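Please read these numbers as outputs of a predicted model, since none were measured by experiment. Residue indices begin at 1 and follow the sequence shown.
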Amino acid sequence: MSGVPSAGPDPAHPPTPHAPAAHPPTAVVSGYASLFGSLDDAGDLVMRGAFHRSLRERGPAGIRFLGQHDPARPIGVFEEMREDRTGLFVKGRLLTGTATGREAAVLIAAGALDGLSIGFRARSARRDAHTGIRRLHDIDLWEVSLVTFPLHPGARLAAPASLAQPTLKHRSLCPS
């Protein structure tokens with residue numbers, strides 16, 4: 001035996017396990033992920049009631065909150081999701097205890113990430129042969145993402161008041 005102290009654990013002071021936080025760090029965001037009766041840059045027009053079936057079947061917990069539509073980058077969870085007269089309102093928590101959630105919160109606070117976008121499959125849609133506009137009547141909603149470039153110009157984030165509480169806002173496309 002040499003006189004060199006062991007680099008291993010000290011049996012007199014066993015390591016204490018880290019208890020998971022009762023409420024992991026989060027930042028609450030809310031806004032409109034889709035607007036009814038307002039054309040997006042892809043030529044889609046989401047009709048009122050298009051999300052009803054998805055919300056009934058999945059609820060907010062069954063719809064993923066992603067970064068840039070990447071299924072490998074979940075950034076949070078939804079607490080509330082509903083249709084109203086304006087569109088699809090969402091409220092969720094960025095999970096800032098994760099690297100992806102923390103990164104999203106930092107990018108939102110810096111103004112580098114300011115869009116919302118929906119990932120879906122059209123269950124019922126009709127395309128107007130003359131205008132090319134596709135009217136979406138029933139949407140199978142899979143996810144809502146924070147994105148750099150949303151297809152709908154009204155689905156944008158507001159500058160957050162602080163890193164801890166970023167907020168989303170809906171920019172009205174209708175004149176007051």
What's the shortest heavy-atom distance between L116 and G31, and which atoms? CD1-C, 4.4 Å

Pairs touching residues 30-47 that satisfy salt bridge (charged side-chain N to carboxylate O under 4.0 Å, His left out), sequence neighbours left out: D44-R134

Show the nearest heavy-atom pair for residues G115 and P150, with the distance to one decimal. CA-CG, 3.9 Å

Do the side chains of L151 and L45 join up, straight or via other hydrophobic residues, at under 4.5 Å, putting them in one cluster? no

Which residues pass the side chain to side chain contact (heavy atoms under 4.5 Å, CB included) test with D138, not counting sequence neighbours? R53, R123, S124

Supply the atom-to-atom distance L141 CG to S34 OG, rounded to the nearest 0.5 angstrom. 9.0 Å

Should V29 and L107 be counted in the same cluster of Ile, Leu, Val, Met, Phe, Trp and Tyr side chains packed under 4.5 Å apart? yes

For F120, all residues meeting ring-ring contact (aromatic ring centres under 6.0 Å, His included), sequence neighbours excluded: none

So which atom in A33 and which in I118 form the shortest heavy-atom distance, rounded to 0.1 Å? O-CG2, 3.7 Å

Taken in chain and number order and not counting sequence neighbours, the residues that satisfy side chain to side chain contact (heavy atoms under 4.5 Å, CB included) with R48 are F36, R85

CZ of R56 to CZ of R58: how many Å apart, nearest 0.5 Å? 11.5 Å

Please name all residues satisfying salt bridge (charged side-chain N to carboxylate O under 4.0 Å, His left out) with R82, sequence neighbours left out, ordered by chain then number. E80, D84

Minimum heavy-atom distance between T148 and D114, given as atom pair plus value: O-OD1, 3.8 Å

For S145, which residues count as a side chain to side chain contact (heavy atoms under 4.5 Å, CB included) partner, sequence neighbours excluded? L66, H69, E143, V147

No-hydrogen, no-angle side-chain donor-acceptor test under 3.5 Å, H152 and S38: yes

Please round to the nearest 0.5 Å and tell me the distance separating atom CE of M81 and atom OG of S30. 12.0 Å

Specify the closest pair of heavy atoms between V46 and A50, including all atoms of both residues, with the distance to one decimal. CG1-CB, 3.8 Å

Using residues 70-77 as the side-chain source, report each donor-acceptor pair under 3.5 Å to any protein atom, sequence neighbours left out, with the distance given to one decimal.
from	atom 1	to	atom 2	distance (Å)
D70	OD1	A72	N	2.8
R73	NH2	E103	OE1	3.2

Does atom CZ of R126 have more than 12 heavy-atom neighbours, drawn from other residues, nucleotides or ligands, at distances under 6.0 Å? no

Which residue pairs satisfy the ring pair (Phe, Tyr, Trp, His ring centres under 6.0 Å) criterion with at least one member in residues 73-106, sequence neighbours excluded? Y32-F89, F65-F78

Quick one: salt bridge (charged side-chain N to carboxylate O under 4.0 Å, His left out) partners of R64, sequence neighbours excluded? none

I133 and R127, any side-chain heavy atoms less than 4.5 Å apart: no

Show the nearest heavy-atom pair for residues A125 and L136, with the distance to one decimal. CB-CD2, 3.7 Å

Answer yes or no: is there a side-chain heavy-atom contact under 4.5 Å between E83 and H52? yes

